[in-house]
Protein chains: 2
Amino acid sequence: MSETLSPSARTESLRRLDVGGLRALIRAGEYHGHTAGLASGRLQTNLAIMPERDALDFMRFCQRNPKPCPLVGVTDTGDPRMRTLGDIDIRTDVPAYNVYRDGELADTVYDLNELWRGDFVAFALGCSFTFEHALMAAGIRLHHIERDETVAMYRTRLETVPAGPFRGGTVVSMRPIAREHVGLATEISRRYPLAHGAPVHIGDPAEIGIASLASPDWGDPPVVGEDEVPMFWACGVTPQNAIRHARLPLCITHQPGRMLVTDVAEDAEVPVIAG
Amino acid sequence: MSETLSPSARTESLRRLDVGGLRALIRAGEYHGHTAGLASGRLQTNLAIMPERDALDFMRFCQRNPKPCPLVGVTDTGDPRMRTLGDIDIRTDVPAYNVYRDGELADTVYDLNELWRGDFVAFALGCSFTFEHALMAAGIRLHHIERDETVAMYRTRLETVPAGPFRGGTVVSMRPIAREHVGLATEISRRYPLAHGAPVHIGDPAEIGIASLASPDWGDPPVVGEDEVPMFWACGVTPQNAIRHARLPLCITHQPGRMLVTDVAEDAEVPVIAG
C-alpha cells in the first residue's frame with residue numbers, strides 16, 4: 001500500500017480489498033490500523049492469547065458469560081493457526097497486539113513471531129460489528145458510525161459468572177436507538193448470539209449502575225435524542241478486563257479496533273470452516 | 001412415588017411434578033426412567049464427565065462442532081455442582097449413568113457418589129427436546145413422538161472438526177416433515193443454536209452417506225410419507241461417539257433418554273443462571 005496516497009484515497013483502496021488481500025497486507029506488516037468497514041461481510045473477532053495453564057478456566061468463563069464473551073474460535077495448544085476460521089496465522093494476521101504482563105500493559109507489537117510459545121492457546125471472540133451491520137442494513141441509524149466516533153462503553157454492576165481467576169463486572173456498549181426501532185433492534189441483534197446477542201438492558205442507565213451517560217468509561221460521549229432510547233449490549237471489553245484483573249503472568253490481546261478478520265461469512269449460523 | 005400406581009397413572013403423576021419435585025425424586029434414587037415430557041418448559045441436557053486432563057480438548061471439540069455439541073454448562077474441576085444451570089448436584093441428579101472405561105461400557109449406575117473424583121469436569125450439552133417442543137407448538141407433526149418411538153439416528157460421512165483425541169463422523173437424527181412445513185421447521189430450529197440449530201441436511205439421505213433410511217443405526221425405523229421430506233439434524237450421539245472413540249481411561253455419560261433436567265427455561269436466550 002503506497003504511502004503517497006491521500007488518507008481518503010488510502011481508505012478507499014483498503015475498502016476495495018477482499019479478505020485475502022487485506023490479510024496479505026496485514027501479514028506483511030504493512031497495515032496496523034483499524035479494521036472497521038474492511039473486508040465487508042466477513043466475521044471480525046476480538047483476540048485473547050494465554051498459556052494453556054489458564055485456557056480451561058478462560059473457556060469456562062466464556063461459556064458462562066456468552067453475551068460478553070461469545071467464543072467463535074480456539075487454537076490447538078502451541079499451534080498458531082486458527083484453522084477453523086480460515087487461512088489464519090495468529091502471529092501475523094492481526095494489525096496490532098497488546099502484551100500484558102501481570103495484568104499491566106507492557107508492550108504493543110505488530111507481530112508475535114518473537115513472543116509465540118509452544119504452550120499458547122488463542123481465542124477468537126465475536127464482536128459487535130456483526131450486529132451493527134445487520135442493524136444498519138435494516139435502516140436503523142447508528143450515530144457513532146455516522147460521526148466516525150468510537151461507541152460509548154460503560155462499566156456496570158452486572159456481575160459476570162466467575163471461572164478460576166476470571167471475574168468482574170460486565171462492560172456494555174450503548175447505542176441510542178429511535179424509539180420506534182427498539183423492538184426491531186432487539187429482534188435483529190438476538191439473531192446474532194455470537195456477536196453479543198440481544199441487549200442486556202434498555203432504558204434507564206441507573207438501573208445497571210451507570211451514573212452518567214455523558215461520561216463513558218471508554219469511547220466518545222454520546223448524544224441521545226429526545227425520541228431515542230439508550231440500548232445497552234454486552235461488550236468485548238468485558239473479557240479483556242477479566243483477563244487483566246486475573247493478572248496472568250503473560251497474556252496478549254488485539255489492540256482495540258484492530259480486529260482479527262476471518263474467512264467466515266459474517267452471518268454464518270455456525271462460524272466454523274470444517275476441516 | 002408409590003410403586004402401586006398403574007404405569008399410566010405413574011406417568012401422569014410424574015408429568016405433574018415441577019422441576020424441583022422431579023429432581024428431588026431423582027436425587028433420592030427413586031426415579032431412573034426417561035425424562036421426555038417431564039418438567040415441561042425446562043432445558044434438558046446431555047451429560048459428559050471426564051478428568052480435567054481431557055477437558056480442554058473436549059471443550060475445543062464442542063466449540064468447533066457447535067451443532068452436534070452445543071455446550072450449555074461446565075462445572076469447575078472437582079465441583080459436582082452445575083451451578084450455572086440451577087441447584088444441581090451432578091452426582092445424583094441424573095436418573096441413570098453409563099460408565100465407560102477405555103471406551104467400553106463398563107457399568108450402569110444410579111448415582112456417582114462412589115465414582116466422583118476431585119479432578120472431574122462435567123459438561124452439559126443441549127438436546128433436541130428443545131426444538132421439538134417448539135416445532136410441535138407451531139403445529140408441525142413429529143411422528144416418533146406421536147408413536148412414542150425413539151427418533152431414528154444415523155452415522156453420516158459429515159466429519160467433525162477434531163480436537164485432541166476427539167473426532168469422528170457426525171451422527172444425525174431424522175424427522176419426516178410435511179413438505180409445506182420444511183421452511184418453517186428450518187426457521188424455527190435455527191432459533192435454537194443450543195439445541196442443534198437448523199438442519200444439517202434436507203432431502204436425499206445418500207448425499208450425506210446414509211444408505212437406507214429404513215435401517216437407522218439407533219432408534220426406531222421411520223416411515224416417511226409421500227408428501228413428507230426427510231430432515232436431518234445434528235445429534236447428541238456425536239459427542240458420545242467421539243468420547244468413546246477417544247478411549248479415555250474413564251468417562252461417564254447419562255443413559256440415553258435419561259437427561260439432566262435443569263432450572264433454565266427451555267427458550268432462554270442464554271442458558272445461564274447468573275451467580
Side-chain angles (χ1 to χ4, degrees), chain A residues 51-77 79 82-85 119 121-125 158-164 166 170 186-187 189-194 196-200 234 267-275, chain B residues 51-77 79 82-85 119 121-125 158-164 167 170 186-187 189-194 196-200 234 267-275:
Chain A
E52 184 182 53
R53 198 193 66 156
D54 300 299
L56 179 61
D57 277 329
F58 187 67
M59 278 194 95
R60 282 192 270 232
F61 185 75
C62 293
Q63 192 281 320
R64 292 172 187 175
N65 300 282
K67 293 193 118 175
C69 314
L71 191 55
V72 299
V74 52
T75 61
D76 286 333
T77 303
D79 184 350
M82 183 73 80
R83 298 167 191 272
T84 56
L85 300 180
D119 67 340
V121 181
F123 297 93
L125 304 167
L158 305 171
E159 282 298 306
T160 58
V161 184
F166 304 102
T170 300
T186 301
E187 187 191 311
S189 57
R190 186 186 297 272
R191 286 180 214 153
Y192 297 92
L194 294 173
H196 304 310
V200 292
D267 58 355
E269 184 195 6
V270 170
V272 176
I273 294 174
Chain B
E52 184 182 54
R53 198 194 64 155
D54 300 299
L56 179 60
D57 277 328
F58 187 67
M59 278 194 93
R60 282 193 270 231
F61 185 74
C62 293
Q63 192 280 321
R64 293 173 186 175
N65 300 281
K67 294 194 115 174
C69 314
L71 190 57
V72 299
V74 53
T75 61
D76 286 333
T77 303
D79 185 350
M82 184 73 79
R83 297 167 190 272
T84 55
L85 300 181
D119 67 339
V121 180
F123 297 92
L125 304 167
L158 303 171
E159 281 299 306
T160 59
V161 184
R167 59 186 62 238
T170 300
T186 301
E187 188 190 311
S189 57
R190 186 186 297 271
R191 286 180 212 152
Y192 297 92
L194 295 173
H196 304 309
V200 293
D267 58 355
E269 183 195 7
V270 170
V272 176
I273 294 176

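Just so it is clear, the values below take in all heavy atoms, side chains as well, and ignore hydrogens, waters and symmetry mates. A note on names: the letters A, B, ... follow the listed sequences, proteins ahead of strands, and every chain is numbered from 1.
- When heavy atoms are compared at a cutoff of 4.5 Å, B:T77 approaches chain A by way of both its backbone and its side chain.
- Note: B:V74 leads B:V74, B:L71, B:D57 in heavy-atom pairs under 4.5 Å with chain A.
- In terms of heavy-atom pairs under 4.5 Å with chain A, the best-connected choice from B:G73, B:A163, B:G197 is B:G73.
- The nearest pair of heavy atoms linking B:Q63 to A:V272 is O-CG2, 4.2 Å.
- The candidate from A:N65, A:V121, A:V72 with the greatest count of non-hydrogen atom pairs under 4.5 Å with chain B is A:V72.
- Interface residue A:R190: backbone and side-chain heavy atoms are both found under 4.5 Å from chain B.
- Between B:R83 and A:R64, the closest side-chain pair of non-hydrogen atoms is not below 4.5 Å.
- The two residues B:L56 and A:M59 come nearest to each other via the heavy atoms CD1-SD, 3.7 Å.
- Neither the backbone nor the side chain of B:R191 comes within contact range of chain A, judged by heavy atoms closer than 4.5 Å.
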